[in-house]
Amino acid sequence: MSIFTGAGVALVTPFKEDLSVDYDQLEKFIDFQIDNGTDSIVICGTSGEASTMSHDEQIEVVSACVSHVNGRVPVIAGAGANCTDEALNLAKRSEKAGADGLLVVTPYYNKATQKGLEEYYTTVGNSVDIPIIMYNVPGRTGTNIQPATAVKIAKSVDNIVAIKEASGDIGQVATLAALADGCLDIYSGNDDQVVPLLALGGKGVISVLSNVAPRETHDMVMKFLEGDVKGSLDIQLKYMDVIHNLFSEVNPIPAKRAVAEMGYCKNIVRRPLTEMEEDHAQVLIQSMKEAGIL
């Protein structure tokens, strides 16, 4: 039930001045992504500001994305929550809306134990038929999926097939890769660690960088998988300044400004997020110019 190989974009959500979703811009941005090699659209995740949306609004955005993508690439819907019942609701409704897969973040704030994580993912996984990517981002959630726990979950629930690893701990990823032994696809959740994670057997990246450099992020992964390690590394290193500047403030604040500079959305984020500080923004814009993005 593998979902994709390569680079999936953690898509930002364009908003209008009244803070409603700008569906016209969303469609244009999706087309830009697909035309430039993105291997999967990840909608309503962290970068998409899903935490500022109601469940009904999330499903509307997922449905619109599925409709416009029209089978060209897989659509993966964010469906995690800090409450298992809410995650169940999102998972079922996203499946009904036509999503090809789900990205399910660990429950945040509650700091679930490893047993709690097993129950959470088992419950959500058994509620749907489409494949699920677990999302491990302890810096945001306060909860870390230990490698043994991730493997145990994957082996017990057939449609839990992958993990987005954003712990930033390469040693943990290496342990996970050794324990998984092929039962779990591993995607990098950190744009500055794509090549190291691929070297550990990873299958790709779910990327913020792909918002502004979809072709290059796709190529970074595919060159490595095709044996051109130097070519892959060259891309990784070329875009390191852009990557760092995309995280100079909390994601997706810089990503939204970067995409706005490219003309695919307005520089509008929902509160409590605030627009990027201008001094940071100018450094980001300069790095994008130097990398040939602008």
Side-chain angles (χ1 to χ4, degrees), residues 1-11 38-48 62 73-80 87 90-91 94-95 99-107 117-118 120-138 140-141 143-170 172-191 193-208 210 217-218 220-222 224-225:
M1 296 181 74
S2 184
I3 305 175
F4 76 95
T5 298
V9 59
L11 201 77
T38 288
D39 299 290
S40 180
I41 304 292
V42 181
I43 193 79
C44 289
T46 305
S47 301
V62 170
V73 296
V75 173
I76 300 168
L90 280 171
S94 295
E95 179 180 40
D100 298 290
L102 303 173
L103 179 66
V104 179
V105 73
T106 57
L117 292 174
E118 290 177 31
Y120 171 79
Y121 281 110
T122 299
T123 302
V124 176
N126 286 335
S127 74
V128 296
D129 294 321
I130 56 177
I132 288 173
I133 303 172
M134 296 180 286
Y135 182 13
N136 191 38
V137 57
R140 277 189 179 266
T141 65
T143 302
N144 183 33
I145 310 176
Q146 295 293 336
T149 302
V151 171
K152 183 177 181 181
I153 293 167
K155 288 183 175 179
S156 64
V157 185
D158 288 343
N159 61 324
I160 294 183
V161 300
I163 186 167
K164 177 183 177 182
E165 237 300 332
S167 68
D169 185 342
I170 289 295
Q172 176 168 305
V173 178
T175 300
L176 173 62
L179 292 175
D181 194 26
C183 78
L184 197 64
D185 292 338
I186 303 174
Y187 298 103
S188 177
N190 297 95
D191 284 313
Q193 295 181 348
V194 177
V195 170
L197 190 134
L198 292 172
L200 291 169
K203 196 158 188 176
V205 60
I206 295 176
S207 170
V208 174
S210 282
T217 312
H218 164 87
M220 187 195 314
V221 176
M222 299 315 295
F224 188 99
L225 296 179

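The first residue in the sequence is number 1, and the count goes up from there. Quantities reported herein were computed from a predicted structural model and do not represent experimental measurements.
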With Ile170 via side-chain contact (heavy atoms from CB on, under 4.5 Å) - residues at least two apart: Gln193, Pro196, Leu200

Which value, rounded to the nearest 0.5 Å, describes the distance between Ile163 atom CD1 and Leu176 atom CG? 5.5 Å

Tell me every residue that passes side-chain hydrogen bond (donor to acceptor under 3.5 Å, both in side chains) with Ser94, counting only those two or more places apart in sequence or in another chain. none

Which residues pass the side-chain contact (heavy atoms from CB on, under 4.5 Å) test with Thr143, sequence neighbours left out? Thr106, Lys111, Leu117, Thr141

Minimum heavy-atom distance Ile3-Gly101, with the two atoms named: CD1-CA, 4.4 Å

Name all residues meeting the side-chain contact (heavy atoms from CB on, under 4.5 Å) criterion together with Ala180; count only those two or more places apart in sequence or in a different chain, and write none if there are none. Val151, Cys183, Leu184

Using the side-chain contact (heavy atoms from CB on, under 4.5 Å) criterion, which residues pair with Ala10? Sequence neighbours excluded. Ser47, Ile206

Between Tyr121 and Ile132 (side chain of the first, backbone of the second, donor and acceptor by atom type, cut-off under 3.5 Å), is there such a pair? no

List the residues meeting side-chain hydrogen bond (donor to acceptor under 3.5 Å, both in side chains) with Asp100, not counting sequence neighbours, and say none if there are none. none

Could you list the residues that satisfy ring-ring contact (aromatic ring centres under 6.0 Å, His included) with Phe224, not counting sequence neighbours? none

What are the two closest heavy atoms between Ser167 and Asn190, and how far apart are they? N-OD1, 4.2 Å

Which residue pairs pass the salt bridge (charged side-chain N to carboxylate O under 4.0 Å, His left out) test with at least one member in residues 175-187, sequence neighbours excluded? Asp185-Lys203

The side-chain hydrogen bond (donor to acceptor under 3.5 Å, both in side chains) partners of Thr38 (sequence neighbours excluded) come to Gln33

Grab the two heavy atoms, one from Gly80 and one from Tyr120, that are nearest each other, plus how far apart they are. CA-OH, 3.5 Å

Look at the side chain of Ser207 and the backbone N and O of Asp191, then say whether any donor-acceptor pair between them is shorter than 3.5 Å. no

Show the nearest heavy-atom pair for residues Ser40 and Ile76, with the distance to one decimal. OG-CD1, 3.3 Å

Name all residues meeting the side-chain hydrogen bond (donor to acceptor under 3.5 Å, both in side chains) criterion together with Asp39; count only those two or more places apart in sequence or in a different chain, and write none if there are none. His218

Can you run down the side chain to side chain donor-acceptor pair (under 3.5 Å) pairs that involve residues 148-164, sequence neighbours left out, and say none if there aren't any? Gln114-Thr149, Glu118-Lys152, Tyr135-Lys164

